[in-house]
Amino acid sequence: MRGISQVQSTIFSVRTVFFVVVILTACVVILQLGRLHLSIRGKKEAWNWKSILRKAAPKVFPWKPIKVTEVDCSKVFSGDKTELRKAVQRENGTSQDYVGMNNSEVLRLARTCDQLKRERTFINSSLTEEESNFPLAYSIMVYKAADQVLNLLSAIYRPQNVYCVHVDKKAQKSFRFAMEAIADCFPNVFLASRSVDVRWGKFSVLKPELVCMQDLWNYTHWKYFINLTGQEFPLKTNYELVKILTAYNGANDVIVDPRTWKGSVHVAVNRDFVDFVLHSPVSRDFLEWCKRTHIPDETFFPTLNRNSQLGIRGEEPWNDSIAHLNMIRYKNWGQFECAGNLYVRNICIITVGDLPFLERRSYLFANKFYSRYSRLALGCLAERLYNRTKQEYLGLLDFNATFYRELPFVQNALRNTVIF
């Protein structure tokens, strides 16, 4: 019996080895045939790891793609004259009729949070460790066009960031209700604790920023504060913003004109700068003085950031021979061609014809868009942002921040900490 068992065991082992050899041989044959087939069709690149990632993209990057079907956005950005002419005609042809979703329709959409996140492609992942370790804080000043604000929020949204949305006190109730519903869908999005009636040229333009700064201060993890309005859109992905702000190395991006000492309320500043604004007695005294001036929002941040004796980390010491090269915001006051030749308060409204120019620039955000006139411009920018985000996540595209690291205000910034 023992001999029979040994024979059976030997037979079993031989069979096992035989089947393993057959299976391995079959795999090798299939692999070779596959390579031969791909070689014949000229598709050897399909075996490249990047190509494999492309095929797996729907699974590893599952968010709903953003695609403009009316025009080829890549050709528009490249300046293809035929496609650009087609895009301009289409955008102009619908400008009087297009309004997007009204406030009530956005409110209905936001009442089903999963549908809202899916339809507007909210990316609910930090995507990379680098982004996860460098959260941002945003204030967004809004007063109309809930649909456009929703698209802006989806473009800049990441779960590690935090967002303060200030709704103008004079905004329509339907707009406020829509903003409240949107904020309720996200744990890191909230409406400002106070609502201000914003009036151009008055302190009320600056006050909402201070309200949001105070509200955001309660979140202790963010590295940089960026303020936006509802009529703006990012030109960089979140990954690219993190790379750029990391290259800033604490420097504050606060534009100032050496001829007037005035600048812009739009900034990208480190946490120590916000700390100084909120808690320094010097800042409070200067704020009280600014309240009595014309257009104080153009004075407050720029002045604080250009006085080295204040010791604010990242500030730029005053040098009347060096103008601050603004990177935080593209805003065309007439210094560049305005493709649509449409201005509001002397600022060019960006249309699809401006996209080739913006593609060649290094700005972080662009102002100003009106959904009625900028429908395809916003659509193509959203598509471009999504595609770049996906390519960066899959390792098919990287971003070099050397240009930003070598900017004069970055090189000249003070590296010490706040002394007040």
Could you pull out the closest heavy-atom pair between [X] and [Y], with the gap in Å?
{"X": "Ile226", "Y": "Ala268", "result": "CG1-CB, 4.1 Å"}
{"X": "Leu216", "Y": "Ala137", "result": "CD1-CB, 4.1 Å"}
{"X": "Val76", "Y": "Ala87", "result": "CG2-CB, 4.0 Å"}
{"X": "Glu130", "Y": "Val242", "result": "O-CG1, 3.8 Å"}
{"X": "Ala413", "Y": "Ala251", "result": "CB-CB, 3.6 Å"}
{"X": "Thr299", "Y": "Cys290", "result": "CG2-SG, 4.3 Å"}

Any donor and acceptor pair, going by atom type alone, linking the side chain of [X] with main-chain N or O of [Y] inside 3.5 Å?
{"X": "Ser195", "Y": "Val167", "value": "yes"}
{"X": "Thr128", "Y": "Glu131", "value": "yes"}
{"X": "Ser78", "Y": "Lys75", "value": "yes"}
{"X": "Ser174", "Y": "Ser104", "value": "no"}
{"X": "Glu83", "Y": "Asp72", "value": "yes"}
{"X": "Glu119", "Y": "Leu109", "value": "no"}
{"X": "Asp297", "Y": "Lys207", "value": "no"}
{"X": "His166", "Y": "Val196", "value": "yes"}
{"X": "Ser204", "Y": "Arg199", "value": "yes"}
{"X": "Asn412", "Y": "Pro408", "value": "yes"}

Inset, instruction - Let me see the working for Val282 and Leu310 under side-chain contact (heavy atoms from CB on, under 4.5 Å), right down to the final yes or no. - result: CA-CA 8 Å; Val282 175; Leu310 298 179; 3.8 Å; yes
How long is the span from the [atom1] atom in [X] to the [atom2] atom in [Y], to the nearest 0.5 Å?
{"X": "Cys73", "Y": "Leu376", "atom1": "SG", "atom2": "CG", "result": "7.5 Å"}
{"X": "Leu152", "Y": "Thr229", "atom1": "CG", "atom2": "OG1", "result": "8.0 Å"}
{"X": "Ile312", "Y": "Asn305", "atom1": "CD1", "atom2": "CG", "result": "7.0 Å"}
{"X": "Arg405", "Y": "Asn400", "atom1": "CZ", "atom2": "CG", "result": "7.5 Å"}
{"X": "Ile328", "Y": "His266", "atom1": "CD1", "atom2": "NE2", "result": "9.5 Å"}
{"X": "Gln160", "Y": "Asn238", "atom1": "CD", "atom2": "CG", "result": "5.5 Å"}

Inset, instruction - Please identify each residue that fulfils disulfide (SG to SG under 2.5 Å) with Cys185, with sequence neighbours left out. - result: Cys113
Inset, instruction - Take Lys243 and Glu392 through the salt bridge (Lys or Arg N to Asp or Glu O under 4.0 Å) test and state the conclusion after the steps. - result: CA-CA 12 Å; Lys243 297 280 280 189; Glu392 289 164 352; over 6 Å; no
Around [X], counting heavy atoms of other residues, nucleotides and ligands shown, do more than 12 lie under 6.0 Å from its [atom1]?
{"X": "Lys86", "atom1": "NZ", "value": "yes"}
{"X": "Asn218", "atom1": "CG", "value": "yes"}
{"X": "Lys170", "atom1": "NZ", "value": "yes"}
{"X": "Gln115", "atom1": "CD", "value": "yes"}
{"X": "Gln172", "atom1": "CD", "value": "no"}
{"X": "Glu129", "atom1": "CD", "value": "no"}

Legend entry - side-chain contact (heavy atoms from CB on, under 4.5 Å) assessment of Phe233 paired with Ile350: CA-CA 11 Å; Phe233 203 81; Ile350 300 173; over 6 Å; no
Looking at side-chain heavy atoms only, is the closest gap between [X] and [Y] below 4.5 Å?
{"X": "Ser193", "Y": "Val211", "value": "yes"}
{"X": "Lys390", "Y": "Tyr393", "value": "no"}
{"X": "Ile156", "Y": "Leu228", "value": "yes"}
{"X": "Phe77", "Y": "Leu381", "value": "yes"}
{"X": "Ser125", "Y": "Trp63", "value": "yes"}
{"X": "Thr351", "Y": "Val88", "value": "no"}
{"X": "Pro296", "Y": "Lys291", "value": "no"}
{"X": "Leu407", "Y": "Tyr404", "value": "yes"}

Is there a donor in the side chain of [X] and an acceptor in the side chain of [Y], or the other way round, less than 3.5 Å apart?
{"X": "Asn332", "Y": "Asp354", "answer": "no"}
{"X": "Tyr157", "Y": "Asn188", "answer": "yes"}
{"X": "Trp217", "Y": "Asp275", "answer": "no"}

Do [Y] and [X] have ring centroids that are under 6.0 Å from one another?
{"X": "Phe175", "Y": "Tyr143", "value": "no"}
{"X": "Tyr330", "Y": "Phe336", "value": "yes"}
{"X": "Phe203", "Y": "Phe300", "value": "no"}

Using the six-membered ring wherever Trp is involved, compare the ring planes of [X] and [Y] and label them parallel, tilted or perpendicular (cut-offs 30° and 60°).
{"X": "Tyr224", "Y": "Phe134", "answer": "parallel"}
{"X": "Phe225", "Y": "Trp222", "answer": "tilted"}
{"X": "Tyr163", "Y": "Tyr138", "answer": "parallel"}

Inset, instruction - From the options Asn227, Ile255, Asn252, Val274, select the one residue that forms a side-chain contact (heavy atoms from CB on, under 4.5 Å) with Val267. - result: Asn227
Quiz item: cation-pi between [X] and [Y], 6.0 Å / 45°:
{"X": "Arg345", "Y": "Trp333", "value": "no"}
{"X": "Lys64", "Y": "Tyr386", "value": "no"}
{"X": "Lys117", "Y": "Phe186", "value": "yes"}

Inset, instruction - Could I get the full list of ring pair (Phe, Tyr, Trp, His ring centres under 6.0 Å) partners for Tyr219, not counting sequence neighbours? - result: Phe190
Legend entry - Criterion side-chain contact (heavy atoms from CB on, under 4.5 Å) on Ile123 and Phe61, from CA distance to verdict: CA-CA 9 Å; Ile123 296 178; Phe61 199 86; 3.9 Å; yes
Inset, instruction - Start with the C-alpha gap between Lys223 and Arg271, add the side-chain angles, then the distance that decides, and say whether side-chain contact (heavy atoms from CB on, under 4.5 Å) holds. - result: CA-CA 6 Å; Lys223 308 291 187 182; Arg271 190 176 178 88; over 6 Å; no
Legend entry - Pair listing, salt bridge (Lys or Arg N to Asp or Glu O under 4.0 Å) test, anchored in residues 225-241, at least two apart: Glu232-Arg329, Glu240-Arg388
